[in-house]
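As structure tokens, the structure follows; a few thoughts come after it.
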Amino acid sequence: MTAPRSSTPRKVLGRLSLPERTYVADALRTETVGGVLLLAAAVAALLWANIPGLHDSYESVAHFHFGPAALGLDLSVAHWVADGLLAIFFFVAGIELKRELVAGDLRDPKAAALPVVAALCGMAIPALVYTLTNVTGGGSLAGWAVPTATDIAFALAVLAVIGTSLPSALRAFLLTLAVVDDLFAILIIAVFFTDGLNFAALGGAVVGLAVFWLLLRSGVRGWYVYVPLALVIWALMYNSGVHATIAGVAMGLMLRCHRKDGEAHSPGEHIEHLVRPLSAGLAVPLFALFSAGVAVSGGALARVFTTPETLGVVLGLVVGKALGIFGGTWLTARFTRASLSEDLEWADVFAVSSLAGIGFTVSLLIGELAFEDDQAMTGAVKAAVLVGSLIAAILATVLLKIRNAKYRRLWEEEERDEDADGIPDIYEEDDPAYHLRLAERYERKAAEHRRIAREKADARHGLAEVPDGAGDDRDGPA
């Protein structure tokens, strides 16, 4: 006879393993702080660029050039930030992707199917929405890729501001989704926004990457070796015509992210821990400061909803992202016969899908690349990204607030640690040692309550034995 198949269905957005939960918590903590800084930088940029007395100084600083012209690196401050500092952000994205592929959810094809399909649909549908909007409105198709990206730091900052106790499974889904989203955004930049290749510089960058890989595999250590080499690789990649941030991704993917015997952390995890605060706390906020400074007025905001290119960006972020990610998740669950975790509802998936419509950092970058020869349209598209991200954030906030009481209960259940061993009880339910510790803890409490009960009973018994008339003016027994 054929052995019966397991009747337990695979769960979509089920509980994370303890190591994965710990990693996600650490990563999101840094990203949330960075997201708050990102919000602050975006607001500062808008004020700096729109206050009449300060606008000229914003333009002067953003377009101030410096750098060695002989090396092709005489760039403006805004250019240095977008192509230079943002490479750090993509370096961290490369490490995240490598870790997911070898140690995270993406190493299991069945588990990887959900975020990959959701991310692909979450990029394809916004691009389709943008294309249809511009075909019917007679606009330019050059910005089709602008609404395809999700800004994880900005999305998590919104979660931090509204105080939603989102369960770890939904947070991990958002993080993994953004990692896959970043990968495809990187491919879009590399394939569609590269022209006029300098093959000599590109060959030099490839050689530099090969040396970088050989040094890693040889066990060579020391920042003084890798940082100068990384700068050379970045400069060669920039001069090759390929967007320089690709160098950051390539180096991130080369790091080893699986642990060997005796290692507490892999090299990739260690370097990510060191570099992530630099990315989230400096690189991304500075990029926001010099990219989000667009002129905002009543007329400019009205044009966002009347110009095909900008309307396509707004609809792509708000409508396309939510429908794409939700539809991709539902289809994956439907055709793989997986069921949604019993703690969640499909409304929760839609709320997180709406949150993914916050496309800021990479959307602004792609907007600059797509319309680099039309400064007026670049500014309008940036304004559209800001408006679309704001609408998506408000929509997601309303949807998440509706379910916030449910989330808080789930969060408290995940965090409960009655045996005080530092591990949430929900991960120890099948461990006999956990139940023994809990029994001992309850027995100590029970013994304490029995002692208190005896003392109270003894006190009442003592009062009952007070002699007749003592302390009481009434006749009769006490």
Let me know which of V135, L311, V313, I125 forms a side-chain contact (heavy atoms from CB on, under 4.5 Å) with Y130.
-> V313

Which is it for I188 and W144 under the side-chain contact (heavy atoms from CB on, under 4.5 Å) test, yes or no, and what are the steps along the way?
-> CA-CA 11 Å; I188 287 173; W144 65 270; 4.2 Å; yes

So, the side chain of T150 versus the backbone of A356: is there a donor-acceptor pair under 3.5 Å, distance only?
-> yes

Does the pair R256 and L216 meet the rule for a side-chain contact (heavy atoms from CB on, under 4.5 Å), with working shown?
-> CA-CA 8 Å; R256 177 169 61 82; L216 288 173; over 6 Å; no

pair L114-T329: side-chain heavy atoms closer than 4.5 Å = yes

Separation of F64 CZ from L75 CG (nearest 0.5 Å) | 12.5 Å

Distance col, row L120:CG vs L177:CG, nearest 0.5 angstrom, shows 10.0 Å

Output all residues satisfying ring-ring contact (aromatic ring centres under 6.0 Å, His included) with F66, sequence neighbours left out; order by chain, then residue number.
-> W80

Candidates S389, S363, P126 - the one meeting side-chain contact (heavy atoms from CB on, under 4.5 Å) with P147 | P126

Would you call R259 and S266 a side-chain contact if the rule is heavy atoms closer than 4.5 Å?
-> yes

Over 12 foreign heavy atoms within 6.0 Å of NE2, H270 | no

Step-by-step side-chain contact (heavy atoms from CB on, under 4.5 Å) determination, V387 to T310 | CA-CA 10 Å; V387 171; T310 52; over 6 Å; no

Residue pair L365 / I189, side-chain heavy-atom distance below 4.5 Å | yes

Sidechain-backbone polar pair: H55 side chain, N50 backbone, donor-acceptor under 3.5 Å = no

Test ring-ring contact (aromatic ring centres under 6.0 Å, His included) applied to F212 - qualifying residues, sequence neighbours left out | Y226

Which residues pass the side chain to side chain contact (heavy atoms under 4.5 Å, CB included) test with V206, sequence neighbours left out?
-> none

Going from NZ on K321 to SG on C121, what distance comes out if it is rounded to the nearest 0.5 angstrom?
-> 10.5 Å

CG of L255 to CH2 of W213: how many Å apart, nearest 0.5 Å?
-> 13.0 Å

Test Y238 against H79 for side-chain contact (heavy atoms from CB on, under 4.5 Å), laying out the working first.
-> CA-CA 11 Å; Y238 175 82; H79 207 162; 3.3 Å; yes

Could you tell me whether the side chain of S140 and the main chain of E309 form a donor-acceptor pair under 3.5 Å?
-> no

Would you check if the side chain of N198 reaches a backbone N or O of G241 as a donor-acceptor pair within less than 3.5 Å?
-> no

Just by modelled atom types, is the V242 backbone N or O under 3.5 Å from a matching donor or acceptor in the S240 side chain?
-> yes

Checking T148 side chain against M123 main chain: does a donor-acceptor pair fall under 3.5 Å?
-> no

Taking the side chain as every heavy atom from C-beta outward, state whether W346 and V349 have any pair of such atoms under 4.5 Å apart.
-> yes

Do E96 and V92 come within less than 4.5 Å of each other through their side chains, counting heavy atoms only?
-> yes

Student check: side-chain heavy atoms of L229 and V211 closer than 4.5 Å | yes

Within a strict 4.5 Å, meaning less than it, do heavy atoms of the I246 and F90 side chains meet?
-> no

With sequence neighbours excluded, what pairs up with V294 under the side chain to side chain contact (heavy atoms under 4.5 Å, CB included) test?
-> L46, V296, K382, A383, L386

Check for a donor-acceptor pair, side chain of S279 on one end and backbone N or O of V275 on the other, with a separation under 3.5 Å.
-> no

Can you list the residues that meet the side chain to side chain contact (heavy atoms under 4.5 Å, CB included) rule with H63, with sequence neighbours excluded?
-> E59

Between the side chain of T136 and the main-chain N/O of T133, is any donor-acceptor distance below 3.5 Å?
-> yes

Between CG on residue L197 and CG on residue N239, distance to nearest 0.5 Å = 12.5 Å

Is any side-chain heavy atom of M237 closer than 4.5 Å to a side-chain heavy atom of L202?
-> yes

Please name all residues satisfying side chain to side chain contact (heavy atoms under 4.5 Å, CB included) with A78, sequence neighbours left out, ordered by chain then number.
-> A62, S76, F290

Decide yes or no on side chain to side chain donor-acceptor pair (under 3.5 Å) for S57 and W48, but give the supporting numbers first.
-> CA-CA 8 Å; S57 65; W48 193 1; 2.9 Å; yes

